[in-house]
Number of protein chains: 2
Amino acid sequence: MPAPRTVNHDCPIRDVLDRVGDAWSVLVIAELDKAPCRFNALRRVIDGVSQRMLAVTLRQLERDGLVTRRVTDGRPPQVTYALTPRGVSLHAALAPLADWAARHQQAIRESRAAFEAAQAAAA
Amino acid sequence: MPAPRTVNHDCPIRDVLDRVGDAWSVLVIAELDKAPCRFNALRRVIDGVSQRMLAVTLRQLERDGLVTRRVTDGRPPQVTYALTPRGVSLHAALAPLADWAARHQQAIRESRAAFEAAQAAAA
DNA sequence: CTGTATCCATGCCGATACTG
DNA sequence: CAGTATCGGCATGGATACAG
């Protein structure tokens, strides 16, 4: 019975969404796309990210070859993160989705409000 | 000084990713884009999704106006789900990302392997 | 400054049981 | 067939403390 006509979880897009679907990855990528950035600078600009999660996120992105980590020893030590070409291309691939989001955001909010109103009415 | 130059969480794309970043939404959308489908048919084709999560996922998508839920009372009762035009457009907006994923999947795997090899070597 | 290690609260989700 | 309700385990992630 080797005919699994079921939808596969390891279709490529699920892979990406596992990377990029978390709370911080996209924000980090978007920020680094503007300019390379140091750890604490990112921390300040991202707003709400914990030290732990920023470190974890950057590790994952580095691991996947989406960002580079460059250490400049000195006083104090500095670590600069930057997007790789691959990271830039991911950011580009994200653009249509961002565009869709911006265009439908309002309509979705309205749908949601309408849906909840209907729910309330039913109750 | 009301100048919060921090990155915002409610930038539209984070909104979408909160919807679409979960494990099942994209799979459901992809499946419904092929053809409308009934609940248990989806359940069978999606493979691994629990009854609960499929129900929750469909509710959210319906809530956001991405899918419709049509009930055909009878013996037995039938419920058919289908994508709305908005849902179709989301699926389209996802395409570039899926494409990127397919193209970089292999390279990412290699990066990851290399990264872990480096880690192991360092230890 | 740039992290890692630990602890712990929260919330997600599968399993199960039950309803129309 | 198409769900909802409830429970419990497990992973996620914030807070804190510590290190290079």
Side-chain angles (χ1 to χ4, degrees), chain A residues 6-7 9 14 17-28 31-32 35-63 67-82 115-116 118-120 122-123, chain B residues 6-7 9 14 17-28 31-32 35-63 67-82 115-116 118-120 122-123:
Chain A
T6 59
V7 169
H9 296 174
R14 287 263 4 106
L17 287 174
D18 280 346
R19 299 284 123 198
V20 136
D22 68 284
W24 309 113
S25 293
V26 173
L27 296 176
V28 169
E31 190 55 32
L32 291 182
C37 199
R38 306 227 322 257
F39 187 86
N40 276 352
L42 274 176
R43 194 147 145 58
R44 276 188 299 274
V45 88
I46 298 281
D47 181 55
V49 68
S50 65
Q51 189 175 32
R52 172 184 152 81
M53 284 318 291
L54 182 56
V56 168
T57 300
L58 286 169
R59 267 287 170 284
Q60 280 180 359
L61 295 175
E62 188 193 357
R63 207 174 112 103
V67 312
T68 56
R69 177 176 182 275
R70 206 188 50 201
V71 182
T72 318
D73 264 19
R75 220 38 211 196
Q78 285 188 190
V79 179
T80 303
Y81 291 92
F115 187 84
E116 273 156 20
Q119 292 288 86
Chain B
T6 58
V7 170
H9 297 174
R14 286 265 1 109
L17 287 175
D18 281 345
R19 300 283 120 197
V20 136
D22 68 283
W24 309 114
S25 292
V26 173
L27 296 175
V28 169
E31 190 56 31
L32 291 181
C37 198
R38 308 227 321 257
F39 188 86
N40 276 350
L42 274 176
R43 193 149 146 56
R44 276 188 299 275
V45 88
I46 298 280
D47 180 55
V49 68
S50 66
Q51 188 174 33
R52 171 184 152 80
M53 284 318 291
L54 181 55
V56 168
T57 299
L58 286 168
R59 269 285 170 284
Q60 281 181 357
L61 295 175
E62 189 194 358
R63 209 173 108 104
V67 312
T68 56
R69 177 176 182 276
R70 207 187 50 200
V71 182
T72 317
D73 265 20
R75 216 44 209 184
Q78 286 189 187
V79 179
T80 304
Y81 291 91
F115 187 84
E116 273 157 19
Q119 291 288 85

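The basis for the numbers below is simple: all heavy atoms, side chains too, and nothing from hydrogens, waters or symmetry mates. We name chains A, B, ... by the order of the sequence lines, and we start the count at 1 in each one.
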To the nearest Å, give me how far apart [atom1] ([X]) and [atom2] ([N]) are.
{"X": "D18(A)", "N": "dT12(D)", "atom1": "CG", "atom2": "P", "result": "10 Å"}
{"X": "M53(A)", "N": "dA11(D)", "atom1": "CE", "atom2": "C1'", "result": "12 Å"}
{"X": "D22(A)", "N": "dG11(C)", "atom1": "CG", "atom2": "P", "result": "19 Å"}
{"X": "L54(A)", "N": "dA15(D)", "atom1": "CG", "atom2": "C1'", "result": "16 Å"}
{"X": "W24(A)", "N": "dG14(D)", "atom1": "CH2", "atom2": "C1'", "result": "11 Å"}
{"X": "I46(B)", "N": "dA2(D)", "atom1": "CD1", "atom2": "P", "result": "14 Å"}
{"X": "R43(A)", "N": "dG13(D)", "atom1": "CZ", "atom2": "P", "result": "16 Å"}

Residues two or more places apart in sequence or in another chain: which of them pass side chain to side chain contact (heavy atoms under 4.5 Å, CB included) with [X]?
{"X": "D18(B)", "value": "R14(B)"}
{"X": "A55(A)", "value": "F39(A)"}
{"X": "P77(B)", "value": "none"}
{"X": "E62(B)", "value": "F115(A), R59(B), V67(B), R69(B)"}

Partners meeting salt bridge (charged side-chain N to carboxylate O under 4.0 Å, His left out) with R63(B) (sequence neighbours left out):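 Partners of R63(B) by the salt bridge (charged side-chain N to carboxylate O under 4.0 Å, His left out) criterion, ordered by chain and then number, come out as E116(A).
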Salt bridge (charged side-chain N to carboxylate O under 4.0 Å, His left out) partners of R19(B), counting only residues at least two apart: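 Checked R19(B) against salt bridge (charged side-chain N to carboxylate O under 4.0 Å, His left out); matches are D64(B).
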Listed partners of E31(A) passing side chain to side chain donor-acceptor pair (under 3.5 Å), at least two apart: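 Here the qualifying residues are K34(A).
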Overall bend - the helix from dC1(C)-dG20(D) to dG20(C)-dC1(D), comparing terminal axes fitted on five pairs, nearest 10 degrees: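 What I find for the helix from dC1(C)-dG20(D) to dG20(C)-dC1(D) is an axis angle of 40°.
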Where protein sits on nucleotides 1-8 of chain C, one letter per nucleotide: B base, S sugar-phosphate only, - none, heavy atoms under 4.0 Å: BBBB----
CZ on R43(B) to CG on L58(B), rounded to 0.5 Å: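 Interatomic distance, L58(B) CG to R43(B) CZ, rounded to 0.5 Å: 11.5 Å.
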